[in-house]
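If you read the sequence from its start, that first residue is 1, and numbering goes on from there. All ligand and atom numbering here is 1-based and tracks the order in the structure.
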Amino acid sequence: MKGEINEKIPAELKVSLLANGVNFDMDMFKEYKRDFYDNQFVYGRTSKSVMPEHKFPQVLLLGDGVVTALLRRESSPWNLKIDEESRVMLYHHNEFVQEVALPERPPFFGKHLSDGTPTESIIAVAGEQTPGFFIYPDCWFFANGKPCKFCSLKSTRKTAGKNMVSSFSEQNIAEATRLFQNTKWRDIPLISITAGTAETDEETLEYIIKPIKAVHDACDPKIPIHVLVHPPHNLDLIDEYKKAGVTSIAFNIEVYDRNIFKDICPSKHLYYGYDKWFSAVERAVEVFGDYKAFCGLVWGLEPIESTMKANEVMIDKGIGITSNIFHADPGTGLAHRPHLDEESTLTLSKHTQKLFNEYPAARTIFEVSMRSTIDWEAKRGDFS
Ligand code: SF4
């Protein structure tokens, strides 16, 4: 046992690595000889001063299908070293724990679209292997000076992520979709699309829903498309997402406690509102079906009792529950906020697992382990 967790269980090891981060030499991966999939910086910069040339892996593979985000934190008891045979070894202080693997670079990277766009600048691979796009990476809450306090989208796109494409022609979207769908690699059970927040519904239609339709139209055969967006002002637009080919949707309120929500997500509160948010989520359940409309929470921004209550209420209404475990991103309003500790993260993980057992129809967005959430691990029953 290391602290609260049993490090022999990959899901519990992940909890600890997310709570504490891991320490390693900043240039360790820059000098690593073997090829692997390094971080694209699509929307978040989770470690201080990291840039693409540092080649931090997108995820670490802990075994048994479990992957985790790599958060570099110099104060962590966990540390990584590379041995003479180029294996990446995980230690707890000076005690060897296990080897960890690095993700494979998707074979559709390293190519160019017909207009010269590098594929890794337009295709965003979520987690280890789920392809998709971050369209409209320009949330207007930064322009009004009141972004969600944990969000590093703007600073990431100005620094480490500045080579990522920020405007998407339908032709490029279609070409990129055909490319990843036709490249022999792994099965693609789902395409993942995320967008920042547009100020008006007209912009949402033009810059978010239209490109999504281009993805769907280019798919052959058609495959499920999951979308994470801010809900539209006119709730009838939720139907437009479905018509564009979306099969599941997430409107993440992030924080269930009304007062903490106001503080942490000031623009979502001011320009949309807590009650309307849940009306939008409930409308999405009507449009997409039970457990195909999700409302995500960031674990660690409110008391764990509030998160548990939220998930109980939502899952009972057919709303999909999904988590994002808080990481303090440099340059954000919460850069110095402590991470949720292991014990609390484990309590929430076990509670989520219990809910998945009680509501077997409830599903996770992704059918694989993802970076900063234990949804899939809890659904699988990994927590003892
Ligand atoms: S809505 Fe909030 S979390 Fe989403 S991109 Fe804008 S500031 Fe970031």
- Task: Please report which non-hydrogen protein atom sits nearest to atom 2 (Fe) of ligand 1, along with the residue it belongs to and the distance in Å to one decimal place.
- Result: C148 SG, 2.4 Å

Would the [X] and [Y] ring centres measure less than 6.0 Å apart?
X: H339; Y: W299; result: no
X: Y272; Y: H233; result: yes
X: F288; Y: Y241; result: no
X: Y37; Y: F109; result: yes

- Item | Within reach of ligand 1, part of K268 (heavy-atom separation under 4.0 Å) |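 Side chain only; the backbone of K268 stays clear of ligand 1.
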
- Aromatic rings Y271 and F141: how do their planes relate, parallel, tilted or perpendicular, breaks at 30° and 60°? parallel

What atoms of ligand 1 come closer than 4.0 angstrom to any heavy atom of [X]?
X: F141; result: 1 (S), 6 (Fe)
X: L153; result: 5 (S)
X: T197; result: 1 (S)
X: P147; result: 7 (S)
X: C139; result: 1 (S), 5 (S), 6 (Fe), 7 (S)

- Query: Is the distance from atom 8 (Fe) of ligand 1 to the nearest N/O/S atom of C151 under 2.8 Å?
  - Reply: yes

- Task: Run the numbers on N23 and S76 for side-chain hydrogen bond (donor to acceptor under 3.5 Å, both in side chains), then give the verdict.
- Result: CA-CA 6 Å; N23 189 22; S76 176; over 6 Å; no

